[in-house]
Amino acid sequence: MTRRILTVWCPQWPVVAAGKHAEIAVVLAANRVVARSAAAAASGIRVGSRRREAQRCCPDVVLVDHDPDRDARSFEPVVRAVAAFVPRTDVVTPGMLCLDARGPARYFGGEEEMARQVADAVERAAPGARAVVGIADGHFASAIASQQATPSCPVIVAAGGSPAFLAPQPVRWLAVAAGRDAETASGGPPDLAELVDLLVRLGLTRLGAVAAMAPRDLLARFGSIGVLAHRLASGVDERPPQGREPPPEWDVTQVFDEPVMSVHPVVFCAKSLADRLAAALAAGGQICTRLVVVAETEHGERSERAWYMGTGLGAAAMVERVRWQLDGWITGPREGSASDEPDASAGGAGASQRDGEGSASDEPDASAGGAGASQRDGISAGIVLLRLTPAEVRADDGEQRGLWGGRSDADERAHHAITRLTGLVGQDAVRVPVWRGGRLPAERYGWIPALTADLDRPQDRRRNTGHAAGHDGGGGGPWPGALPVPSPPVVLPEPLQVEVEVLDAGGSAVMVSGRGTVSAPPATVAGRAVTSWAGPWPVEQRWWSPEHHRRLARFQVVLDDGAAQVLTVERQRWWLAAAYC
Amino acid sequence: MATPSSLATIADHTRAGVAAVAASSLAGERVLPVDEVLGNLFERPGAVGLVRGQVVHCGGVAPLSLALAVAAGAARAGAWLAVVDVASLGLDAAVEMGVPLERLVAVESGPARNWAEVMGAVADGFELVVTAPPRSVSASMARKVHQRLRARGVVMLMLGDHRSAAPSELADIELRATSPIWDGLGEGNGHLRARRVTISASGRRMPHRRSVDVLLPGPSGRLEAAGGEVIALGSEDLAS
């Protein structure tokens with residue numbers, strides 16, 4: 001018996017979460033558009049384009065930085081609204097959730113009626129979300145169906161119709177299995193995205209063509225990911241039939257003797273729980289596809305959420321979901337969303353989520369989320385318990401360490417350490433470099449939080465030429481007028497630059513004229529004698545923009561103790577910009 | 001199928017694969033590779049390289065260049081490099097020195113007592129760390145961190161800027177760059193091209209002070225052995 005799955009998808013959720021869905025707005029991560037509002041789409045902005053391209057399409061587009069925590073936090077009201085219908089709701093990712101539709105559909109008088117009611121509830125909980133609903137056999141088909149639905153018209157694939165429904169769809173939608181929408185298909189797990197790319201190049205552009213192949217050929221050629229693709233494409237769910245409820249002793253629980261009020265320490269404990277759970281599952285050759293996270297406070301408030309990921313949740317993904325859930329719970333949803341929440345009075349309502357599937361749907365009001373009424377304003381006491389339950393596991397297809405590319409053991413350990421460090425000092429303090437380009441040393445590279453960067457795709461962050469010389473052409477763009485190689489190893493960001501006094505032999509300040517000539521050779525810098533120097537190398541930047549216009553000149557100097565420095569002079573003030581030390 | 005671009009991709013993958021294999025085989029080794037120009041300084045009976053778990057203090061006139069040059073060899077072979085509390089790292093210089101930026105992560109520890117915690121977390125995932133310990137780090141805390149790093153086999157490259165008293169006593173190897181001579185810059189003309197320095201190494205387990213003359217950086221931005229030409233230029237500079 002196959003399951004009927006209903007998927008609710010809020011397209012372009014990051015924009016809605018940022019509250020900008022009514023404007024021409026885009027959400028950017030690492031300078032690329034990850035989501036855009038409907039108005040922005042109408043002016044031609046595509047997901048995946050660069051910031052500058054977006055601004056070219058629409059000059060006064062509103063730019064918002066991507067914040068996955070904000071997405072998760074604002075999704076919380078939506079989850080609660082849907083949980084009012086069906087207690088057993090699986091969140092796939094902020095913006096997408098799915099639930100088992102078979103029982104509730106009967107109660108609500110048919111699948112179509114239920115789909116409409118769910119969409120209405122989501123629209124009330126998050127105005128402007130324009131949620132779309134798809135119903136089909138299995139998670140994957142249902143997700144695809146939701147992608148084709150419109151807010152007013154859900155797509156419902158009849159029971160048994162999934163293979164026929166999927167056959168004409170393009171293969172790039174395989175990436176939807178990982179909870180991404182089709183436009184950002186390249187953002188899926190790297191191997192799935194690579195497989196999609198390869199399949200297209202092989203001429204297999206439709207899911208039907210993939211489904212028509214023999215699974216063993218796909219296994220032989222692509223490994224387990226090929227089998228997964230086949231299973232998805234042929235409308236069988238990604239969960240193989242032998243999937244079963246795991247025994248309760250696999251739960252991992254952390255009890256806090258001291259109640260904890262903030263998110264970070266709990267997430268930190270979740271990290272060790274997740275590691276333990278993932279290790280225990282791995283020892284049995286299993287991987288978790290549905291994880292239930294339970295947190296309880298001292299006053300008995302309770303938050304229980306199920307998280308689903310067809311491709312399996314690793315330890316890092318589990319921690320991320322715990323963080324999303326707790327963030328939404330502790331910090332509380334944004335204002336304006338609480339009014340539509342059903343009045344849940346039962347404090348222990350969460351307990352009914354797992355065992356009371358049928359009874360809970362009789363009384364939707366009693367089962368709103370796990371946490372009871374106090375969920376509205378965060379929590380009233382510290383957290384005393386955190387439990388991770390693997391609610392669905394399947395055999396792990398295994399992952400072969402790549403000889404030709406792919407992740408090495410060292411990479412894996414570094415990724416773990418990055419997650420841990422981010423938990424320790426915050427995401428803005430753990431950063432990786434990204435190439436930006438520029439003529440001044442401080443402009444050439446920027447830093448982005450390591451968590452938001454795709455560490456498996458470093459080429460996105462690297463200068464394309466692979467060499468940082470000042471005069472080379474190529475994809476990184478030439479920057480004529482940049483400092484010549486070798487570059488200074490100490491580059492002071494602008495706020496840290498130190499003003500220095502540069503005097504000529506006569507003891508008066510050295511000036512640079514508008515035409516780029518020096519009044520006299522510099523003799524001392526901050527009291528130290530200059531032995532050799534070169535300059536001025538003038539830069540005039542963005543003369544077209546009054547607020548960004550800059551004129552400055554650079555000098556290289558070597559001082560008597562052998563120290564070499566880059567000085568800039570702007571409006572007759574000298575700054576130490578970089579040093580070769 | 002074998003278009004130039006696909007060949008380039010294959011070559012890329014091969015290189016990455018070899019690096020990954022090198023890294024995983026590095027895991028079992030007691031030493032991390034260093035640039036052969038510095039080989040003389042890191043020569044030990046039976047092996048040449050950075051011994052895992054050691055603290056290398058980089059001082060003198062070019063601490064950061066020196067640390068990047070030492071780290072580049074191992075980072076190229078697949079090791080990850082953490083840069084803790086160095087706010088002003090010039091990434092162009094790091095790239096020119098041969099440090100792959102895709103395996104470089106910068107961390108700011110914030111208030112000083114966090115430094116030890118951050119270093120502990122870094123020790124679990126990175127093989128190299130470049131850091132300037134904050135002034136407030138006490139000797140005992142620094143020693144604790146050192147023990148953790150040694151247990152994990154992490155090489156710490158400590159930037160010596162004479163701010164903190166405690167850590168320099170931890171150093172297993174003390175590198176100093178001295179007598180810098182710049183080439184390429186004149187009186188209002190030219191540009192910095194190369195710097196010749198003498199790097200000397202001393203340490204607890206090193207009976208004799210060793211030294212080597214290098215270009216740090218050379219004309220390409222990399223560490224290079226000092227050739228005859230630059231010596232001549234250097235002496236000219238001295239004469240003038």
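Chain A is the first sequence line, chain B the second, and so forth, proteins listed ahead of strands; every chain is numbered from 1. Given the structure is predicted, the values throughout are model-derived calculations rather than measurements.
Only the side chain of A:Pro493 comes within contact range of chain B, with heavy atoms under 4.5 Å apart. Only the backbone of A:Asp561 comes within less than 4.5 Å of a heavy atom in chain B; its side chain stays farther off. In this structure, the portions of B:Ala106 lying under 4.5 Å from any heavy atom of chain A include both its backbone and its side chain. Of the atoms belonging to A:Thr422, not a single heavy atom falls under 4.5 Å from chain B. Looking at B:Val83, there are no atoms closer than 4.5 Å to chain A (heavy atoms on both sides), in backbone or side chain. Both the backbone and the side chain of A:Val558 come within less than 4.5 Å of a heavy atom of chain B. Contacts of A:Val557 with chain B are made by backbone atoms alone, with heavy-atom separations under 4.5 Å and no side-chain atom involved.
Comparing A:Cys581, A:Ala417, A:Pro441 by heavy-atom pairs within less than 4.5 Å of chain B, the highest count is held by A:Cys581. Most heavy-atom pairs under 4.5 Å with chain B: of the set A:Gly535, A:Ala429, A:Gly426, A:Gly562, this distinction falls to A:Ala429. In terms of heavy-atom pairs under 4.5 Å with chain A, the best-connected choice from B:Pro180, B:Ala94, B:Ala121, B:Gly188 is B:Gly188. Among B:Gly221, B:Ser88, B:Ala93, B:Gly186, the residue making the largest number of heavy-atom pairs under 4.5 Å with chain A is B:Ser88.
With rounding to the nearest 0.5 Å, the separation of NE2 in B:His191 from CH2 in A:Trp533 is 16.0 Å. Atoms OG and CE, from A:Ser487 and B:Met97 in turn, are 10.0 Å apart once rounded to the nearest 0.5 Å. Distance check: A:Arg413 CZ to B:Asp124 CG gives 9.0 Å after rounding to the nearest 0.5 Å. Between the CD atom in A:Gln556 and the CH2 atom in B:Trp182 there is a gap of 8.0 Å [rounded to 0.5 Å]. If you take OG on B:Ser109 and CG on A:Leu421, they are separated by 10.5 Å, rounding to the nearest 0.5 Å. Atom-to-atom distance recorded for B:Leu192:CG and A:Leu483:CG is 9.0 Å, nearest 0.5 angstrom.
Nearest heavy atom pair, residue B:Ser65 against residue A:Pro489, reads OG-CG, 3.2 Å. Scanning both residues, A:Pro486 and B:Arg193, for their nearest heavy atoms gives CD-O, 3.4 Å. Nearest heavy-atom pair, B:Pro219 versus A:Val485, reported as atom, atom and distance to 0.1 Å: O-CG1, 3.7 Å. A:Val491 and B:Gly90 get closest at one heavy-atom pair: CG2-CA, 3.5 Å. Pairing each heavy atom of B:Arg195 with each of A:Tyr580, the nearest pair is NH1-O, 2.8 Å. The shortest non-hydrogen separation linking B:Leu64 to A:Val490 is CD2-CG2, 3.6 Å.
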Q.
Show, in sequence, the C-alpha distance, side-chain angles and deciding distance for A:Trp435 and B:Asp92, and conclude whether the side chain to side chain contact (heavy atoms under 4.5 Å, CB included) test is met.
A. CA-CA 10 Å; A:Trp435 166 255; B:Asp92 277 317; 4.2 Å; yes

Q) Given B:Trp80 and A:Ile418, is the side chain to side chain contact (heavy atoms under 4.5 Å, CB included) satisfied, shown in steps? A) CA-CA 11 Å; B:Trp80 281 70; A:Ile418 287 168; 4.2 Å; yes

Q: Step by step, work out the side chain to side chain contact (heavy atoms under 4.5 Å, CB included) result for A:Asp411 and B:Arg103.
A: CA-CA 8 Å; A:Asp411 296 348; B:Arg103 285 194 290 276; 4.2 Å; yes

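Counting only heavy atoms from C-beta outward, the side chains of A:Arg431 and B:Val105 never approach each other to under 4.5 Å.
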